[in-house]
Amino acid sequence: MQQKILINNIFLTKQFTAGLIMYEIHLDKCVRCGVCVKKCPVDAIIKHEDKYIINDNKCASCGICKNECKFNAIQINKKILNEIFELGR
């Protein structure tokens with residue numbers, strides 16, 4: 001069974017959202033504590049040089065990293081979200 005994501009009352013399959021970065025790490029807020037890396041259930045967050053990056057090919061868009069970040073450094077990528085909302089119109 002394919003994983004489905006509900007956005008704007010539209011169910012999208014993971015296949016549709018693959019390659020879309022649903023979350024992004026704001027480097028100006030990130031303190032590089034690594035909690036997001038430890039909490040990500042699919043190991044989609046990696047440390048590259050001195051910053052953390054979300055691998056959009058692995059990300060399940062579950063939001064656990066966003067919820068666990070005490071510094072509000074992980075946010076929904078509003079550009080991608082707006083594009084998906086436009087599909088629902």
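- Residues Tyr52 and Cys30 come closest through the heavy atom pair CD1-SG, 4.1 Å.
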Q.
Set out, in order, the CA-CA distance, both residues' side-chain angles and the distance that settles side-chain contact (heavy atoms from CB on, under 4.5 Å) for Leu27 and Arg32, then state yes or no.
A. CA-CA 9 Å; Leu27 299 177; Arg32 291 138 182 91; 4.3 Å; yes

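- Once rounded to the nearest 0.5 Å, the distance linking SG of Cys36 with CD1 of Ile54 reads 7.5 Å.
- If you take NZ on Lys51 and CD1 on Ile25, they are separated by 10.5 Å, rounding to the nearest 0.5 Å.
- Nearest heavy-atom pair, Ala44 versus Cys40, reported as atom, atom and distance to 0.1 Å: N-SG, 3.2 Å.
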Side-chain donor/acceptor pairs under 3.5 Å, residues 63-76, sequence neighbours excluded:
unit_1	atom_1	unit_2	atom_2	d
Asn67	ND2	Gly63	O	3.3
Asn72	OD1	Gln75	NE2	2.6
Gln75	NE2	Asn72	O	3.2

